Peer 1: 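Once you've had a glance at the structure underneath, I'll fire off some questions.
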Number of protein chains: 2
Amino acid sequence: MHSKELLKGTLKTIILKLLREHGRMYGYEITQKVRVLTSGELVITEGALYPALHKLERDQLVRTEQEYIGRRVRRYYSLTPLGEQAVGQKVREFDAFVQMMRQILSPSTATDD
Amino acid sequence: MHSKELLKGTLKTIILKLLREHGRMYGYEITQKVRVLTSGELVITEGALYPALHKLERDQLVRTEQEYIGRRVRRYYSLTPLGEQAVGQKVREFDAFVQMMRQILSPSTATDD
DNA sequence: TCCAATACCTAAGTTATTGATGTATATTTG
DNA sequence: CAAATATACATCAATAACTTAGGTATTGGA
């Protein structure tokens, strides 16, 4: 499979964006959504996801409410006002990054896209 | 300033691409070229550059020849045949990564706020 | 003469990941 | 109905790529 190093730093952007899109989601749901959206290309591991979610919560970009499905805990995440701001910022940041990379990578692969 | 985490994993792609573009370059030259190409947005630190170059050499994607400019050593890097292959691969990998991210981030990349 | 630029380098610390492991409940299948 | 699989949370050691800070030495300009 291809380099996962590229993913570094994009996980939080992905999470925030999905939360804006879907209102509220729980962890496992996020991994499945990403899997489907990318046709299985991108698989978010739980070891990456949960720490990231916890960090977003600590930074007050998301908040949680837990529910019980039967006896099983399900922890729903949704954006805080601060989180709402952050989404746009993060996405723009990513776009800027891509544009910057194009300035370096495109010179001879130019003008498709 | 914006997140540098995004850069992770792109440095070698950048180096290889520049070497293909310019035939051969030395380390310091690469940092300056990147700086100019991105209008100062992206600054490659030497602590990142040199280890990356050494790794590329170890992996036989680049080779070196040193020259003396006056009394000062200058170490030129250029692509090996293996490196030539790797450039295209790396660039395509990056494009694939961006496309994959778009599948997640694009549904509504609206810019409000 | 001294500072900035050129040009190479290494190493400790930081950080976001992977991969392994753990726990427990719910559902499907043979 | 038992067993395997899926759902759902979590932590943690190891890894990889970086940053920051340091080091050496030459060259050019004010």
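We name chains A, B, ... by the order of the sequence lines, and we start the count at 1 in each one. In this text the structure is predicted, and so the values were computed from the model without any measurement.
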Peer 1: The test is side-chain contact (heavy atoms from CB on, under 4.5 Å); show your working for A:Gln85 and A:Gln89 and say whether it passes.
Peer 2: CA-CA 7 Å; A:Gln85 283 177 38; A:Gln89 212 162 44; 5.8 Å; no
Peer 1: When the nearest nucleotide of DNA chain D is assigned to A:Arg74 and to B:Leu11 on a heavy-atom basis, which residue is associated with the more 5' position?
Peer 2: A:Arg74
Peer 1: Heavy-atom nearest nucleotide on DNA chain C for A:Leu49 versus B:Ala48: which residue maps closer to 5'?
Peer 2: B:Ala48
Peer 1: Taking 4.0 angstrom as the limit, do A:Arg72 and A:Glu67 come out as a salt bridge?
Peer 2: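 Looking at A:Arg72 and A:Glu67, the cut-off is not met.
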Peer 1: Please determine whether a side-chain nitrogen of the Lys or Arg among A:Asp95 and B:Arg102 lies less than 4.0 Å from a carboxylate oxygen of the Asp or Glu.
Peer 2: yes
Peer 1: Are any of B:Tyr50's side-chain N or O atoms less than 4.0 Å away from OP1 or OP2 of C:dC9?
Peer 2: no
Peer 1: Send over the distance from A:Ile44 CD1 to D:dA8 C1', rounded to a whole Å.
Peer 2: 16 Å
Peer 1: Starting from the C-alpha separation in whole Å, work towards a yes-or-no answer on side-chain contact (heavy atoms from CB on, under 4.5 Å) for A:Leu53 and A:Thr64.
Peer 2: CA-CA 10 Å; A:Leu53 284 171; A:Thr64 70; over 6 Å; no
Peer 1: Has A:Tyr26 got a side-chain N or O lying under 4.0 Å from the OP1 or OP2 atom of D:dA8?
Peer 2: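 True: A:Tyr26 side-chain N/O within range (under 4.0 Å) of D:dA8 OP1/OP2.
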Peer 1: Rounding to a whole Å, what distance do you find between B:Met25:CE and C:dA7:P?
Peer 2: 12 Å
Peer 1: Please determine whether a side-chain nitrogen or oxygen atom of B:His54 lies at a distance below 4.0 Å from atom OP1 or OP2 of C:dT10.
Peer 2: yes
Peer 1: Could you give the OH-to-P distance, from A:Tyr28 to C:dT27, as a whole number of Å?
Peer 2: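 Value for this atom pair: 13 Å.
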Peer 1: Can a side-chain donor-acceptor contact be found between B:Tyr77 and B:Arg75 if the only test is distance below 3.5 angstrom?
Peer 2: no
Peer 1: Could you say whether A:Pro51 or A:Val73 is positioned toward the 5' end of DNA chain D, judged by the nucleotide with the nearest heavy atom to each?
Peer 2: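 It is A:Val73, whose closest nucleotide lies nearer the 5' terminus.
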Peer 1: Which residue, B:Leu105, B:Ile104, B:Leu6, forms the side-chain contact (heavy atoms from CB on, under 4.5 Å) with A:Thr13?
Peer 2: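 For A:Thr13, the side-chain contact (heavy atoms from CB on, under 4.5 Å) test succeeds with only one of B:Leu105, B:Ile104, B:Leu6, which is B:Leu105.
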Peer 1: For C:dG19, does either OP1 or OP2 sit under 4.0 Å from a side-chain N or O belonging to A:Thr45?
Peer 2: no
Peer 1: Remember a base hit wins even if backbone is also touched, and classify A:Gly47 as base, sugar-phosphate or nothing at under 4.0 Å, heavy atoms.
Peer 2: base
Peer 1: Measure CG/B:Leu6 against P/D:dT19 and give the value in whole Å, please.
Peer 2: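 For the pair B:Leu6 CG and D:dT19 P, the rounded distance is 12 Å.
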Peer 1: Heavy-atom nearest nucleotide on DNA chain C for A:Arg71 versus A:Ala52: which residue maps closer to 5'?
Peer 2: A:Ala52
Peer 1: Is A:Arg74 paired with A:Glu65 through a side-chain N to carboxylate O contact shorter than 4.0 Å?
Peer 2: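 No salt bridge links A:Glu65 with A:Arg74.
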Peer 1: Can you tell me the distance, in whole Å, between the CD atom of B:Glu46 and the P atom of C:dA7?
Peer 2: 11 Å
Peer 1: With the threshold set at under 4.0 Å for non-hydrogen atoms, list the residues of residues 58-70 of chain B touching DNA chain D in residue-number order.
Peer 2: B:Ile69, B:Gly70
Peer 1: Between P on D:dT11 and NZ on A:Lys55, what's the gap in Å once rounded to a whole number?
Peer 2: 15 Å
Peer 1: Does B:Arg72 reach a base, just sugar-phosphate, or nothing at all? Heavy atoms under 4.0 Å.
Peer 2: base
Peer 1: Taking side chain to side chain donor-acceptor pair (under 3.5 Å) as the criterion, tell me which of B:Arg63, B:His22, B:Arg24 meets it with B:Ser78.
Peer 2: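 Result: among B:Arg63, B:His22, B:Arg24, B:Arg63 is the only option passing the side chain to side chain donor-acceptor pair (under 3.5 Å) with B:Ser78.
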Peer 1: To the nearest Å, give me how far apart CD (A:Glu29) and P (D:dT7) are.
Peer 2: 12 Å
Peer 1: How long is the line joining NZ of A:Lys8 and P of C:dT18, in whole Å?
Peer 2: 7 Å
